[in-house]
2 protein chains.
Amino acid sequence: MVGGEEAFQAYLGRRGLKKTRQRDAIVREFVKARRHITAEDLHRTVARRHPAIGLVTVYRTLRLLEGAGLAKERRFGKTESCYEPVLGVGHHDHLICTACGGIFEFENVEIEGLQDRVASQHGFLIQDHKLEMYGICRECRKRGERRRR
Amino acid sequence: MVGGEEAFQAYLGRRGLKKTRQRDAIVREFVKARRHITAEDLHRTVARRHPAIGLVTVYRTLRLLEGAGLAKERRFGKTESCYEPVLGVGHHDHLICTACGGIFEFENVEIEGLQDRVASQHGFLIQDHKLEMYGICRECRKRGERRRR
DNA sequence: AGATATATTGAAAACGACTTTCACCTTCAC
DNA sequence: GTGAAGGTGAAAGTCGTTTTCAATATATCT
Ligand SMILES: [Mn+2]
Ligand SMILES: [Mn+2]
Ligand SMILES: [Zn+2]
Ligand SMILES: [Zn+2]
């Protein structure tokens with residue numbers, strides 16, 4: 001997410017919103033964070049340096065980042081959402097390991113093309129799509145083999 | 001969902017569970033219902049004839065149906081789950097209209113084949129997948145055009 | 001710098017979709 | 001029938017997230 005912080009401040013300015021210490025800290029950590037971070041995890045990280053910042057403000061800032069087009073919310077399991085940076089990261093879909101929770105990303109132009117075809121066959125104007133595959137990742141399969149012996 | 005009721009009773013018997021008036025009523029309505037029904041909607045329907053049946057029991061029965069392999073839970077939006085019959089309905093994916101909430105189903109063997117290829121390229125053993133496309137359906141597009149004039 | 005208007009904050013309460021608990025009630029094998 | 005095992009609805013609890021609100025920070029204007 002190159003230039004995320006500047007883009008965010010531009011967004012705030014444009015909307016008559018204010019730059020605050022809390023937002024700075026949260027956005028900085030979000031940009032540094034590994035992908036697919038939950039609000040709770042981001043809050044934990046931010047709170048190391050800024051213990052007074054509340055989880056609420058993290059949620060609010062994530063929503064702003066989303067509005068600015070800088071973060072994308074993802075909902076994999078049935079529980080928590082996680083968020084990932086958008087800038088500098090192209091569209092992609094996900095492979096999710098049901099054993100270790102690991103998330104792997106992929107892009108497949110052929111699939112996307114076929115999706116478009118299906119959509120237009122149905123007269124649909126596509127805005128977004130989500131392709132998730134759930135299964136056992138390579139590592140967890142190895143681990144399973146080992147255990148079975 | 002052909003023979004859903006009998007399959008359900010067989011499942012109950014197999015697991016030492018009991019056949020009850022409530023379960024009968026709920027399963028009957030579920031089988032009759034249109035696809036993609038929420039627990040709340042199913043409860044409303046059931047409650048017309050059986051006002052004493054609680055939403056809790058609907059949830060519990062849906063979970064049983066799922067365990068019996070007769071219902072599949074789907075989570076489209078970010079809020080409620082909905083459930084659809086499994087028997088007599090092959091695997092399919094969904095087009096969801098963000099304007100009217102309509103849900104359209106499709107199957108595409110080519111896409112599924114490519115998915116398998118992507119998965120095996122990553123060493124993944126696939127258990128399940130979900131492909132959802134969000135956009136504006138044909139009807140809503142027409143309605144939009146009309147409005148714009 | 002000081003005053004002012006407006007936005008932002010954290011704590012606590014509310015929310016929505018479920019799930020669990022619990023005291024009473026059915027079901028069903030004997 | 002009887003009794004053990006399972007099922008029931010109401011109410012309370014859970015979990016992630018959002019809303020409310022009084023106090024506070026920020027940007028803008030003098
Ligand atoms: Mn990703
Ligand atoms: Mn369907
Ligand atoms: Zn794994
Ligand atoms: Zn529509």
Side-chain angles (χ1 to χ4, degrees), chain A residues 8-30 36-68 71-83 101, chain B residues 5 8-30 36-44 46-68 71-83 101:
Chain A
F8 184 62
Q9 295 194 21
Y11 177 79
L12 292 179
R14 231 178 297 135
R15 308 265 298 225
L17 305 176
K18 290 170 181 169
K19 176 175 176 308
T20 67
R21 282 173 296 108
Q22 291 91 328
R23 286 173 181 171
D24 284 353
I26 293 165
V27 173
R28 192 173 317 120
E29 292 301 331
F30 177 67
H36 309 128
I37 195 169
T38 65
E40 201 102 36
D41 283 345
L42 179 54
H43 176 241
R44 215 185 325 279
T45 307
V46 167
R48 280 208 293 270
R49 282 162 181 281
H50 304 86
I53 294 183
L55 176 57
V56 226
T57 301
V58 172
Y59 273 112
R60 288 193 276 230
T61 306
L62 283 169
R63 209 110 286 123
L64 285 175
L65 283 163
E66 224 186 337
K72 186 157 173 50
E73 183 180 4
R74 300 277 189 183
R75 350 194 66 249
F76 298 127
K78 25 182 71 180
T79 44
E80 283 173 284
S81 287
C82 57
Y83 300 81
Chain B
E5 270 126 322
F8 184 61
Q9 295 194 21
Y11 175 79
L12 292 180
R14 228 178 299 134
R15 307 264 299 224
L17 305 176
K18 291 170 180 167
K19 178 175 176 311
T20 67
R21 283 174 294 110
Q22 290 90 332
R23 285 173 183 172
D24 284 353
I26 293 164
V27 173
R28 192 173 317 120
E29 292 301 332
F30 176 66
H36 309 128
I37 194 169
T38 65
E40 202 102 35
D41 283 345
L42 180 54
H43 177 241
R44 216 185 325 278
V46 168
R48 280 207 294 268
R49 283 162 179 280
H50 304 86
I53 294 183
L55 176 57
V56 224
T57 300
V58 173
Y59 274 113
R60 289 194 274 231
T61 305
L62 283 169
R63 232 168 302 120
L64 285 175
L65 283 164
E66 225 187 334
K72 186 156 172 53
E73 183 180 3
R74 300 278 188 183
R75 349 193 69 249
F76 298 129
K78 26 182 70 183
T79 45
E80 282 173 286
S81 287
C82 57
Y83 299 81

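From a predicted model like this one, the values you see are computed outputs, not experimental measurements. Just so it is clear: chains get the letters A, B, ... in the order the sequence lines come, proteins before strands, and each one is counted from 1.
dG16(C) atom P lies 14 Å from atom CG of L55(B), rounded to whole Å. The NE2 atom of H50(B) sits 15 Å away from the C1' atom of dT8(D) (whole-angstrom rounding). Between the C1' atom of dA17(C) and the CZ atom of R60(B) lies a distance of 15 Å, rounded to the nearest Å. When rounded to the nearest whole Å, the span between CG of L62(B) and C1' of dT19(C) equals 14 Å. One interatomic measurement links the two molecules: CD1 of I53(A) to P of dT8(C), which rounds to 15 Å at whole-angstrom precision. F76(B) has its CZ atom 17 Å from the C1' atom of dA17(C), to the nearest Å. Rounding to whole angstrom units, CD of residue E80(A) and C1' of dA17(C) are separated by 16 Å. A straight line from CZ of R75(B) to C1' of dC15(D) spans 12 Å, rounded to a whole angstrom.
At distances below 3.5 Å, not a single donor-acceptor pair connects side-chain atoms of H43(B) with backbone N or O atoms of V56(B).
Counting only heavy atoms from C-beta on, L17(A) has its side chain closest to dT8(C) among dG16(D), dT8(C), dC18(C). In the set dT6(C), dT18(D), dC28(C), dC28(C) carries the atom at the smallest distance from any side-chain atom of K18(B).
Applying the salt bridge (Lys or Arg N to Asp or Glu O under 4.0 Å) test to every pair with at least one member in residues 49-64 of chain B, sequence neighbours left out, gives no pairs at all.
Here Y59(A) does not reach the OP1 or OP2 of dT18(D): none of its side-chain N or O atoms lies under 4.0 Å away. For the pair S81(A) and dT17(D), the criterion of a side-chain N or O lying under 4.0 Å from OP1 or OP2 is met. Here T20(B) reaches the OP1 or OP2 of dT8(D): one of its side-chain N or O atoms lies under 4.0 Å away. Contact check, R63(A) against dT18(D): a side-chain N or O comes under 4.0 Å of OP1 or OP2. Remark: R23(A) is in phosphate contact with dT8(C), judged by side-chain N or O atoms under 4.0 Å from OP1 or OP2.
Looking at heavy atoms from C-beta onward, F76(B) lies in side-chain contact with H36(B) at the 4.5 angstrom threshold. Contact of the F30(A) side chain with the L42(A) side chain is registered, since non-hydrogen atoms from C-beta on lie closer than 4.5 Å.
Using a 4.0 Å heavy-atom distance criterion, R15(B) is classed as making no nucleic acid contact. Across all strands shown, A39(B) has no heavy atoms under 4.0 Å from either base or sugar-phosphate atoms. Within the nucleic acid shown, Q22(B) comes within 4.0 Å of sugar-phosphate atoms alone, with no base atom in reach, counting heavy atoms only.
Nearer to the 5' terminus of DNA chain C, by closest-nucleotide assignment, is the contact made by L12(A) (compared with the other of L12(A) and T38(B)). Residues R21(A) and E73(B) each lie close to DNA chain C; by heavy-atom proximity, the contact nearer the 5' end of the strand is made by R21(A).
Remark: S81(A) pairs with E73(A), R75(A) by the side chain to side chain donor-acceptor pair (under 3.5 Å) rule, at least two apart or across chains.
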